[in-house]
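One-based numbering, in listed order, for ligands and for the atoms of each.
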Amino acid sequence: MHQPDITPRQSLYFDYQIYPPAPLPPESAERAPVVVVGAGPIGLALALDLARHGVRVVLLTAGQQVSEGSRAIVFTRRSLEILQQVGADSVLVEQGLPWRFGTSFYRGQAVFRLEAPHDPHDRYAPMNNLQQQVLEASMLALIARQPLIELRWGHRVAALACDEQEARLTIETPDGVYTQRASWVVACDGARSSLRQLQGLQLEGESWQGRFVIADIKIDLPLPTERLAFFDPAWNPGNTVLMHREPFGIWRIDYQLPPDETPEEALQPASLAARINAQLQSIGFGDKPWTMDWCSVYSARALTLADYLQQRVIYCGDAAHLLPIFGVRGANTGFQDAQNLAWKLAAHVQGKAPLALLQSYSTERVAAAREIVAEAGKSTRFMTPPTPGFRLLRDATLSLALSQDFVRPLMHWRSSRPHEYLHSPLNSDDDDSAQFPQGPAPGAVMPSVRMAADHYLLDESHTGFTLLTFSDRPVAPEIALAAEQWRAQGGLLKIVTLPLAVANGEAWARYGVQADGAAYLVRPDQHVCARWRQLTPARLLHALARALGDATPEKTT
Ligand SMILES: Cc1cc2nc3c(=O)[nH]c(=O)nc-3n(C[C@H](O)[C@H](O)[C@H](O)COP(=O)(O)OP(=O)(O)OC[C@H]3O[C@@H](n4cnc5c(N)ncnc54)[C@H](O)[C@@H]3O)c2cc1C
């Protein structure tokens, strides 16, 4: 019998609620189109997105409360744009702390300051700090109002069987065991994914030796919200320390441990106090009182499954990949997975798209994870050099940056960013992309443009495709007719016309449009899939068919 822990987790700023376990469903319950396993941030976002696309979701989660401790605290602009689509961005806007600078210190001296790009056409700040469990709680409030989602607290998946038609999950609850049938199961069950183990899947990539303590303390520090990195501080020689401000008077201090120290030793209260005091002392706040809220030990891994589609199970978030938190990649990457998957899975279960569309989720997101694995290796080697040679190089770069300006641009955020599906099979093979001097190529995220005081181009996105036409005239009747034909077959397509005057020409400039008549086709997840200097109805219908997973629609040119 599964008995989740029902003692509320302790926190200085967050009231943990115990959610009652869901009763056993009736034995006659029919097969669910989609079961999502895991109500962490990614399972919650995916369930909301599937429901937005009209799909009924059973959401199972083993525990009866939200996640322990702050865990992910930095959410990127792209994550907010994704959460906006499911109506979950407001908690980050209202309670989060926006920021865009990072200062790095080497042996106590500031060596460089990085600035994340931001301009008036972005609705959100590049980075936004909020504790993960606060975000989860706000998504749960949205789920409670969503009739298409049935959330079952305290239901743990213990076994799995799949055939051509369906998956059968054996589920343990405090009241007994039952079987849930599903056309598709999405594994959002986190880093130690039970489903991954039940299917005997191996992750590929790298794990590193370096361990970090992550400590959240309540303290009043008169410092701005930015990322502070301390390389080789006197109190922790050879190691790295990071600090971030969180809402509710909390600061996170991450410090690297010597290689021979165990997590148990590191989490002893005396050891924690000595190191936190040493860090505060080193930045001139040794006299400030503080209280521990939560702490944990973390080590960096950069691993992914080679294929996110395994029989009737689809992997998403930490269940699919484990990425280093340097560069804020964990939850932020997972939101991109969820957004990529939701519209494709919805189209497939609603009979509007072939299995190939679902397979493109794996192709696109595994490629993204592999790119991150390669990049994350660089960040992690910089933060925790694995050999004396890497340390020598890293220290030489940092010490040179003390006196030489030319070194500074070599420092790079390498933080989580939206991935570009440049080689996606969903991109049109019949467009004019090569003739655009700039603007987003097929596969990239559509850039936002501020169109009015509180209205941005990204606000126009919806559950279907969007055709952006750059023209001072209304859309041509033959294009409107083709759109009508496509809608009549169940497709969703919205046409947004952008005259040259919009945002003082900025929309045309950002999309590399040089003459009236250009057009972009954008997928439901805001990624471009085709662009033309001149559009014809046949080219539009061809691009739409291809973007829905039809690899061989008839070409027109
Ligand atoms: C200390 C720490 C700090 C971090 N800092 C950052 C950061 O700054 N930025 C960032 O982007 N990321 C960060 N991360 C990573 C981030 O927390 C994860 O990437 C994120 O939680 C992944 O979300 P998820 O929904 O995929 O999995 P999880 O949040 O792990 O959720 C998994 C869910 O599955 C449920 N579950 C598990 N097994 C079963 C089962 N058998 N049956 C039913 N339900 C099950 C669990 O109860 C849970 O609800 C951090 C992580 C840690 C540990």
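The single protein non-hydrogen atom nearest to atom 30 (O) of ligand 1 is Arg71 NH2, 3.4 Å, given as residue, atom name and distance. Protein heavy atom closest to atom 16 (C) of ligand 1, with residue, atom name and distance, is Gln132 OE1, 3.6 Å. Protein heavy atom closest to atom 19 (O) of ligand 1, with residue, atom name and distance, is Asp318 OD1, 2.9 Å. Of all protein heavy atoms, the one closest to atom 44 (N) of ligand 1 is Ala62 N, 3.1 Å. From the protein, the heavy atom lying nearest to atom 31 (O) of ligand 1 is Gly40 CA, 3.4 Å. Among protein heavy atoms, atom 8 (O) of ligand 1 sits closest to Ile73 N, 3.3 Å. If you check which protein heavy atom lies closest to atom 42 (N) of ligand 1, you get Val157 N, 3.0 Å. The single protein non-hydrogen atom nearest to atom 46 (C) of ligand 1 is Thr61 OG1, 4.1 Å, given as residue, atom name and distance.
Residues Arg100 and Met127 fail the side-chain proximity criterion, which asks for heavy atoms closer than 4.5 Å.
Near Arg156, the atoms of ligand 1 lying under 4.0 angstrom from a non-hydrogen atom of the residue are 40 (C), 41 (N), 42 (N), 43 (C).
Only the side chain of Val37 comes within 4.0 Å of ligand 1, judged by heavy-atom distances.
Partners of Trp251 under the ring-ring contact (aromatic ring centres under 6.0 Å, His included) rule, at least two apart in sequence or in another chain, do not exist in this structure.
The option from Cys295, Pro4, Gly38 that lies nearest to atom 35 (C) of ligand 1, judged by heavy atoms, is Gly38.
In this structure, Arg113 satisfies the cation-pi test against Phe101, with its NZ or CZ atom closer than 6.0 Å to the six-membered ring centre and inside 45 degrees of the ring normal.
With Arg31 as the fixed residue, the side-chain hydrogen bond (donor to acceptor under 3.5 Å, both in side chains) test singles out one of Glu166, Gln165, Gln180: Glu166.
Considering backbone and side-chain atoms together, Ser194 places an N or O closer than 3.5 Å to an N or O of ligand 1.
Using a 4.0 angstrom heavy-atom cutoff, Cys188 counts as in contact with ligand 1.
Side-chain rings of Phe230 and Phe105 approach one another, their centers coming within less than 6.0 Å.
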